[in-house]
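Just so you know, residue 1 is the first one in the sequence shown, and it goes up from there. Just so it is clear, the model here is predicted, and its values are computed rather than measured.
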Amino acid sequence: MQAWMLLVALAVGVGLQAPARAADDANEVTPIGPVKLVSPNRQNNTSANDGQTQAPLTPSQRDQVIQQQQQMLLQQQMLLQPLPGQPLTREQLAARAAQQTEFERFVQRLVGDDVEIRRFGAELMTPAVPQPMELLQPSQRQSAAAIGETSSQVPADYVLSVGDEVLLNIWGAVEADLRLVVDRSGRITIPRVGPVLVAGVRYADLNGTLEQRVGQVFRNFRLNASLGKLRSIRIYVTGFTQKPGAYTVSSLSTIVNALVQAGGPSASGSFRNLELRRGAKLVSTFDLYDLLLRGDRSGDRVLQADDVVHIGPIGPQVALIGSVNRQAIFELKPGETVNDLMLMGGGLSAAADRGRVAVEPMDKRNDGRILEVKLPQQGNLALQGGDIVRAFNLLDTVLPQYRQNKRVRVDGEVQRPGEYILPPNSTLGDIIKAAGGLTPAAFIYGAELNRESVRITQQAQYERALRDLEGEFTRVMVKPRANTTADDPTTQSNRGQASSRLIDRLRSVKLTGRVVMQLTPGATSLPELAVEDGDRLTIPARPTTVGVWGSVYNTGSYSYTNGASIEDMLRLAGGPTRGADASSTFVIRANGSVVSSRQQNSGWFNSSTGLGTVSAQPGDTIFVPEDLTKVTFSQEAKEWTQILYQFGLGAAALKSLK
């Protein structure tokens with residue numbers, strides 16, 4: 001019996017010592033292969049809690065949820081976001097005004113609705129579209145929030161602490177791929193090596209610390225350590241912020257990260273007076289303008305647990321509007337000047353007047369006083385809260401003609417056609433000289449000077465005359481004269497359509513702004529007329545034809561015969577038709593002047609003092625209008641022919657009216 005008990009005891013002893021002996025043998029390098037170290041929490045691939053975890057979204061489900069959320073956000077934003085080139089709706093204007101302070105709304109009224117006036121830096125705090133992390137399951141979302149920054153973003157002077165995750169990779173005589181979390185005692189536990197104190201170790205020194213400890217147990221190995229999930233810390237954002245309170249952030253978060261988490265300063269909060277407090281000590285102050293204007297993050301300190309980011313009240317505000325690169329509301333510090341404000345606004349635009357700006361002080365606004373500040377002489381003028389600084393636009397100002405250089409173009413019979421820049425007070429003769437003079441074929445009498453200022457005036461008067469004519473047609477149609485017989489509806493409809501077609505053809509004519517020069521047919525030089533910027537001078541060759549258009553039997557251009565009269569040229573075209581108003585015939589000379597039969601106090605074939613005695617000139621355009629009393633309905637409406645020659649319509653326009 002005692003022998004049997006001894007055998008049992010020996011068997012039990014051998015069984016208890018076998019694992020220990022096997023563990024000791026594992027530390028020795030054998031020819032079979034390297035030793036593999038496995039973290040205890042990774043030995044089992046499954047656990048009892050795995051069945052309770054919620055299944056993650058599949059990639060297709062995840063993409064679908066993201067798309068649905070983004071579509072909902074876009075639909076909401078479309079209602080409030082302005083479309084390029086489109087005026088803002090009432091709802092969009094109301095949404096903008098609701099986000100603006102009283103001072104911002106006042107400045108917005110000054111600049112109009114085309115440019116949104118916001119406080120400088122507000123865009124930085126605008127919430128972004130939800131990121132995919134927000135679509136994770138609750139357990140995954142908590143883990144993702146704890147990840148924070150990855151090792152590629154960890155600075156070398158980062159100090160490890162409780163909660164950080166160390167990724168350890170060992171190869172050579174020993175193989176290991178471990179994820180180890182720093183426990184509450186500040187240690188990580190490496191299998192077969194034991195605990196290693198890493199809390200307080202700099203990230204740059206982590207590899208050396210671990211290599212020294214592992215080297216106490218193993219030989220012939222290499223290792224690499226990096227950081228995985230970083231610890232989360234709790235910080236506080238107080239003062240004038242959108243959402244004051246406590247926030248859980250990554251251990252690498254800075255003051256700016258905390259501001260974004262809290263929605264940034266409120267409407268009464270400062271962008272330039274940010275304080276970092278640690279316990280009862282003021283660690284640093286940060287001016288967000290350093291980051292926004294110069295990209296300087298030297299004052300953006302890394303936060304530690306229980307730090308307080310305090311946002312102070314807003315300082316004096318001024319508005320910068322007009323021809324600057326950035327129109328906005330800026331917060332000033334004491335002593336900052338007009339020059340400082342210009343730098344904040346990105347400087348003057350390319351179209352700005354660089355010699356002056358206007359300053360409207362708040363305390364003198366009721367008196368209507370506006371200061372003009374000369375730049376750069378008075379750029380050191382200190383600004384006060386509520387001031388409005390406006391930069392002027394040079395493109396909106398027109399210099400006096402006597403101070404402007406003139407850009408003109410000359411075409412036709414000159415030696416060097418093209419564009420030329422002439423000094424102020426230049427004349428038409430100076431254009432010819434700049435172009436090298438005239439060619440032998442030049443026809444000075446037919447020179448055409450087109451001027452934009454004249455065209456604008458003529459076009460406005462022409463459209464006014466057409467409106468009056470259209471109103472006359474309508475009045476006579478509605479209220480016919482008492483001494484006329486009533487027409488059937490078909491006749492009235494035809495007359496109305498003919499009048500509408502006439503108005504449409506007249507409205508399609510575009511005036512050229514021709515300046516009629518008083519020249520004789522044998523002129524050899526142009527008058528000493530001052531030129532304007534944008535003038536266009538055309539010198540034609542001597543024509544050999546006369547154009548006959550309108551209500552004649554055969555319209556066209558006919559060879560000019562020396563000594564022929566207007567009546568002779570009309571005979572070549574077959575004379576006026578039955579529907580012609582011969583008494584309103586007129587001639588447009590090559591120089592742009594007009595000769596009409598009414599000026600001769602007679603009809604056209606009925607008297608030797610009519611157009612029959614007027615000599616034709618090369619380049620003449622003869623036009624015989626239609627008699628509206630025969631084809632339409634109104635004796636008064638026959639005055640439409642005056643429009644044709646009063647506005648100097650050329651041959652091309654008259655052809656289009658045939």
Side-chain angles (χ1 to χ4, degrees), residues 17-47 142-234 248-254 257 297 301-307:
Q17 294 175 6
R21 187 180 303 112
D24 293 338
D25 293 341
N27 291 336
E28 299 178 2
V29 179
T30 65
I32 297 176
V35 178
K36 294 185 178 181
L37 305 183
V38 182
S39 178
N41 59 355
R42 297 179 63 187
Q43 291 178 354
N44 296 325
N45 294 328
T46 59
S47 65
Q142 183 177 4
S143 300
I147 289 176
E149 307 290 340
T150 61
S151 60
S152 62
Q153 299 168 308
V154 178
D157 59 351
Y158 178 78
V159 178
L160 277 74
S161 185
V162 177
D164 287 335
E165 183 184 49
V166 177
L167 306 180
L168 180 59
N169 185 16
I170 306 176
W171 67 96
V174 182
E175 287 187 355
D177 184 10
L178 306 173
R179 303 178 71 97
L180 308 171
V181 179
V182 182
D183 59 21
R184 294 184 180 276
S185 63
R187 293 175 171 82
I188 58 174
T189 301
I190 303 175
R192 309 303 303 277
V193 175
V196 182
L197 181 64
V198 294
V201 175
R202 295 171 62 250
Y203 177 55
D205 303 329
L206 181 59
N207 274 344
T209 301
L210 296 180
E211 189 171 316
Q212 180 183 5
R213 181 65 180 87
V214 175
Q216 296 175 0
V217 180
F218 299 103
R219 298 290 184 270
N220 301 323
F221 69 91
R222 300 290 298 275
L223 66 78
N224 178 64
S226 60
L227 294 181
K229 300 177 184 178
L230 301 184
R231 67 184 182 275
S232 298
I233 60 174
R234 180 173 293 273
T248 299
V249 297
S250 164
S251 55
L252 286 181
S253 296
T254 63
N257 301 133
R297 291 193 61 182
R301 301 284 294 272
V302 177
L303 302 177
Q304 296 183 12
D306 295 326
D307 277 356

Interatomic spacing from OG in S250 to CG in L303 - rounded to 0.5 Å: 9.5 Å

Distance-minimising heavy-atom pair for S253 and V249: OG-CB, 3.4 Å

Criterion side chain to side chain contact (heavy atoms under 4.5 Å, CB included) on Y203 and L227, from CA distance to verdict: CA-CA 8 Å; Y203 177 55; L227 294 181; 3.7 Å; yes

Matching residue for L180 among V198, L210, I190 - test: side chain to side chain contact (heavy atoms under 4.5 Å, CB included): I190

Distance in Å, I170 CD1 paired with E175 CD, rounded so as to fall on 0.5 Å steps: 10.5 Å

pair V214-F221: side-chain heavy atoms closer than 4.5 Å: yes

Reported CG-to-CG distance for the pair L168 and D177, which is rounded to 0.5 angstrom: 8.5 Å

With sequence neighbours excluded, residues passing salt bridge (Lys or Arg N to Asp or Glu O under 4.0 Å) with D205: R202

Validation row: L178, L167 side chains within 4.5 angstrom (heavy atoms): no

Test side chain to side chain contact (heavy atoms under 4.5 Å, CB included) applied to A199 - qualifying residues, sequence neighbours left out: none

Heavy-atom closest contact (L223 atom, E211 atom, distance): CD2-CA, 3.6 Å

Nearest heavy atoms of S251 and V302, plus distance in Å: O-CG1, 3.7 Å

Sidechain-backbone polar pair: R213 side chain, T209 backbone, donor-acceptor under 3.5 Å: no

Least distance between heavy atoms, T248 atom then S232 atom: CG2-CB, 3.6 Å

Beyond-backbone contact of L160 with V166, side-chain heavy atoms, under 4.5 angstrom: yes

Side-chain heavy-atom pair I188, V181 within 4.5 angstrom cut-off: no

Test item: W171 and N224 side chains (from C-beta on) under 4.5 Å apart, heavy atoms: yes

Side-chain heavy atoms of Y158 within contact of D164, under 4.5 Å: yes

Other residues, nucleotides, ligands: >12 heavy atoms within 6.0 Å of Q212 CD: no

Nearest non-hydrogen partners of R231 and G163, listed with the distance: CB-C, 3.8 Å

Min side-chain heavy-atom separation S226-V154 under 4.5 Å: no

All salt bridge (Lys or Arg N to Asp or Glu O under 4.0 Å) counterparts of R297, not counting sequence neighbours: D300

Smallest separation among heavy atoms of L197 and S185, with atom names: CD1-O, 3.8 Å

